Peer 1: 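Mind having a look at this structure? Questions to follow.
Just so we're on the same page: letters track the sequence lines, and every chain starts at 1. Only a predicted model underlies this, so the values are computations on that prediction, with no experimental measurement involved.
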Protein chains: 2
Amino acid sequence: MKPKTRDAVKTKQTILQNAKYLFSQKGFDATSINEIAEASHINKAMLYYYFKSKKDIYEVVVKEILSSIYKEITMSEKCCDSAVGDLRAFISIYTQFANKHPYFPALLLRELSNSGKNLSESVLAGCIQLFRLFSDILQRGEDEEAFKDVKPMVVFCMVISTVNILVVTKPLRQTAAKKADDLDTSSDISVNEISEYIFKKITLMLGVAL
Amino acid sequence: MKPKTRDAVKTKQTILQNAKYLFSQKGFDATSINEIAEASHINKAMLYYYFKSKKDIYEVVVKEILSSIYKEITMSEKCCDSAVGDLRAFISIYTQFANKHPYFPALLLRELSNSGKNLSESVLAGCIQLFRLFSDILQRGEDEEAFKDVKPMVVFCMVISTVNILVVTKPLRQTAAKKADDLDTSSDISVNEISEYIFKKITLMLGVAL
DNA sequence: TATATAATTAACCAATCGGTTAGTTAGTTA
DNA sequence: TAACTAACTAACCGATTGGTTAATTATATA
């Protein structure tokens with residue numbers, strides 16, 4: 001099989017890949033179509049050959065990201081021995097994903113800051129799907145009498161937003177630490193430390209007294 | 001005193017006020033200078049008469065917001081009877097501020113998502129100032145043996161980001177609740193409920209066993 | 001090998017961007 | 001009231017924006 005000089009699948013993937021990188025680094029508005037085209041070494045007109053509009057590209061990117069994190073979490077949820085175990089897995093996988101794809105937290109935070117103005121129906125559905133997963137774990141925890149006084153959405157926001165903010169502010173926290181050396185900004189905390197600390201604290205705050 | 005038809009102070013304030021609203025609603029890049037001028041009913045050239053650039057306007061806006069939240073928190077911190085009391089006051093004031101000025105959480109989240117790319121030195125300093133306030137409370141709590149195993153930055157992010165996200169996603173959570181009525185998105189949780197719940201949970205997770 | 005079509009390109013579009021200019025008012029002061 | 005200046009305006013600037021066009025390749029099929 002000789003390498004084709006023309007490959008529709010590859011071209012489309014290249015566009016999406018560069019779009020994902022740029023959108024997450026600079027946001028929707030600060031990223032131009034020309035920029036995506038240049039980064040992809042693909043003629044700008046091709047972006048409109050494969051996609052309807054800039055917004056369309058953006059939506060596909062966000063959808064892809066959300067579905068991939070959802071897949072990773074559901075795949076790993078095989079232990080199922082307890083709600084606490086599932087919670088730990090959820091937090092761990094989510095934190096690892098956020099660290100592995102640092103574009104994701106930035107993009108999600110920006111998206112939510114717009115109250116979902118750029119957000120399509122299907123993307124909102126993706127967020128809900130993720131929340132449902134988390135909510136179910138907490139419900140099971142209450143059934144097992146491991147958790148009490150649970151407001152699922154608040155706890156969900158607590159976990160997700162804390163992880164996202166910590167990932168996103170890493171360079172900022174390092175800068176701050178250098179500038180004010182008496183300040184403990186947790187600038188070199190590891191991925192596992194973050195995930196384990198949050199897990200421990202969340203179980204503590206939801207835990208029933210012994 | 002007859003009303004002046006020309007008033008430099010008022011004009012500048014009008015610009016800043018509209019800029020604050022627009023920047024927080026749509027972000028830096030999506031907000032145009034023309035837009036700010038039109039919303040203010042002021043000739044575009046005036047924006048460059050009072051400010052150096054678009055970025056300059058943005059920085060002044062962010063600085064103003066940060067210093068006003070800092071003022072509100074430091075002013076209310078008079079109780080001082082215990083670290084737990086101060087923590088409660090901090091969370092309460094911050095939550096109230098975020099709700100009273102809902103533009104603030106959106107703007108802050110977006111700013112952090114850029115790793116402070118648009119952020120000036122002085123704005124970063126404002127964030128650090130706020131963190132120091134929070135960090136001191138936690139330190140006092142450890143000294144008083146009310147708190148243990150504290151990672152100040154993580155706890156700080158936990159509180160601030162949770163409040164911000166809850167404020168920012170309020171319309172989104174209401175939409176989601178209507179769409180899937182079996183879903184508990186805490187869509188009509190009150191300001192006080194948020195602040196009290198977070199306070200309770202944070203003290204639980206930092207608390208020493210009785 | 002001729003043909004149809006999928007993939008790609010360069011050139012172009014009106015609209016808007018952030019920012020500047022030169023000139024005009026209104027209010028203060030001498 | 002004459003002069004000065006702070007506040008304001010309309011018109012303009014080159015660059016860039018998202019998006020389109022018609023023409024041109026390359027490749028699979030018949």
Peer 1: Is a side-chain N or O of B:Thr169 found less than 3.5 angstrom from the main chain of B:Leu172, in a donor-acceptor match?
Peer 2: no

Peer 1: Can you tell which of C:dA7, D:dA7, C:dG18 lies closest to the side chain of B:Ala8?
Peer 2: D:dA7

Peer 1: Could you tell me how far apart B:Glu38 (CD) and D:dA10 (P) are, to the nearest whole angstrom?
Peer 2: 13 Å

Peer 1: Over how many whole Å does the gap from A:Ile42 atom CD1 to C:dA6 atom C1' extend?
Peer 2: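 So the CD1-C1' distance, A:Ile42 to C:dA6, works out to 15 Å.
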
Peer 1: Over how many whole Å does the gap from A:Tyr50 atom OH to D:dG19 atom P extend?
Peer 2: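 Distance check: A:Tyr50 OH to D:dG19 P gives 18 Å.
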
Peer 1: With ring pair (Phe, Tyr, Trp, His ring centres under 6.0 Å) as the rule and sequence neighbours excluded, what pairs involving residues 156-178 of chain B come up?
Peer 2: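 Of all non-adjacent pairs touching residues 156-178 of chain B, those that pass ring pair (Phe, Tyr, Trp, His ring centres under 6.0 Å) are B:Phe131-B:Phe156, B:Phe134-B:Phe156.
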
Peer 1: Using whole Å, what does the distance between atom P of nucleotide C:dA7 and atom CD of A:Gln13 come to?
Peer 2: 14 Å

Peer 1: Once you round it to whole Å, what is the distance between P of D:dG18 and CD1 of A:Ile36?
Peer 2: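 Atom-to-atom, A:Ile36 to D:dG18, this comes out as 8 Å.
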
Peer 1: Of the listed nucleotides (C:dA6, D:dA7, D:dG19), which one gets closest to any side-chain atom of A:Tyr48?
Peer 2: D:dG19

Peer 1: Separation of B:Leu47 atom CG from C:dC17 atom P, in whole Å?
Peer 2: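 Between P of C:dC17 and CG of B:Leu47: 13 Å.
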
Peer 1: Tell me if the aromatic rings of B:Phe97 and B:Phe104 count as close, with their centers under 6.0 Å from one another.
Peer 2: yes

Peer 1: Could you check which of D:dG19, D:dA7, C:dG18 has an atom nearest any side-chain atom of B:Met46?
Peer 2: D:dA7

Peer 1: Nucleotides 10-12 of chain C: which of its N/O atoms have a protein N/O under 3.5 Å away?
Peer 2:
from	atom 1	to	atom 2	distance (Å)
C:dA10	N7	A:Asn43	ND2	3.3

Peer 1: Looking at B:Phe51, I'd like to know if the NZ or CZ of B:Lys12 sits under 6.0 Å from its six-membered ring centre while staying within 45 degrees of the ring's axis.
Peer 2: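 Flagged: B:Lys12 positioned over aromatic ring of B:Phe51.
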
Peer 1: Could you list all the ring pair (Phe, Tyr, Trp, His ring centres under 6.0 Å) pairs where at least one residue sits in residues 170-194 of chain A, not counting sequence neighbours?
Peer 2: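 Listed by first then second residue: nothing to list.
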
Peer 1: Test your reading of the model: is there a side-chain donor-acceptor pair from A:Lys54 to the backbone of A:Phe28, 3.5 Å cut-off?
Peer 2: yes

Peer 1: For B:Tyr48 and B:Asn43, which I'm curious about, is there any donor-acceptor pair between the side chains at under 3.5 Å?
Peer 2: no

Peer 1: Please state how far atom NE2 in B:His41 lies from atom C1' in D:dA7, giving the value in whole angstrom units.
Peer 2: 19 Å

Peer 1: Using every non-hydrogen atom in the two residues, find where A:Phe199 and A:Arg88 come nearest and quote the distance to one decimal.
Peer 2: CE1-CB, 3.4 Å

Peer 1: Does B:Ser32 place a side-chain N or O at less than 4.0 Å from the phosphate oxygens OP1/OP2 of C:dT16?
Peer 2: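 It does not, given that no N or O in the side chain of B:Ser32 lies less than 4.0 Å from OP1 or OP2 of C:dT16.
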
Peer 1: B:Phe23 has an atom CZ; how far is it from atom P of C:dG18, in whole Å?
Peer 2: 9 Å

Peer 1: Measuring from the side chain of B:Arg6 (C-beta onward, heavy atoms only), which nucleotide among C:dA7, C:dG19, C:dA26 has the closest atom?
Peer 2: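 Minimum distance to the B:Arg6 side chain belongs to C:dA26.
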
Peer 1: From C-beta outward on A:Tyr49, which listed nucleotide comes closest to its side chain: C:dT8, C:dT20, D:dG19?
Peer 2: C:dT8

Peer 1: It should be established whether A:Asn34 places a side-chain nitrogen or oxygen under 4.0 Å from OP1 or OP2 of nucleotide D:dT17.
Peer 2: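 Yes, such a contact exists.
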
Peer 1: Of all the base pairs, Watson-Crick or G-U under 3.5 Å, which form stems of three or more consecutive pairs involving DNA chain C?
Peer 2: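 So far as stems of 3 or more pairs are concerned, DNA chain C shows C:1-26 with D:5-30, C:28-30 with D:1-3.
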
Peer 1: So, using salt bridge (charged side-chain N to carboxylate O under 4.0 Å, His left out) as the criterion, who are the partners of B:Asp184 when residues are at least two apart?
Peer 2: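 Residues passing salt bridge (charged side-chain N to carboxylate O under 4.0 Å, His left out) with B:Asp184: none at all.
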
Peer 1: For A:Glu64, check salt bridge (charged side-chain N to carboxylate O under 4.0 Å, His left out) against everything at least two apart and list the hits.
Peer 2: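 Salt bridge (charged side-chain N to carboxylate O under 4.0 Å, His left out) list for A:Glu64, sorted by chain: empty.
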
Peer 1: Looking only at side-chain N and O atoms, does A:Thr11 come under 4.0 Å of OP1 or OP2 in C:dT8?
Peer 2: yes

Peer 1: Look at the side-chain N and O atoms of B:Thr5 and state whether any lies under 4.0 Å from the OP1 or OP2 oxygen of C:dA26.
Peer 2: no

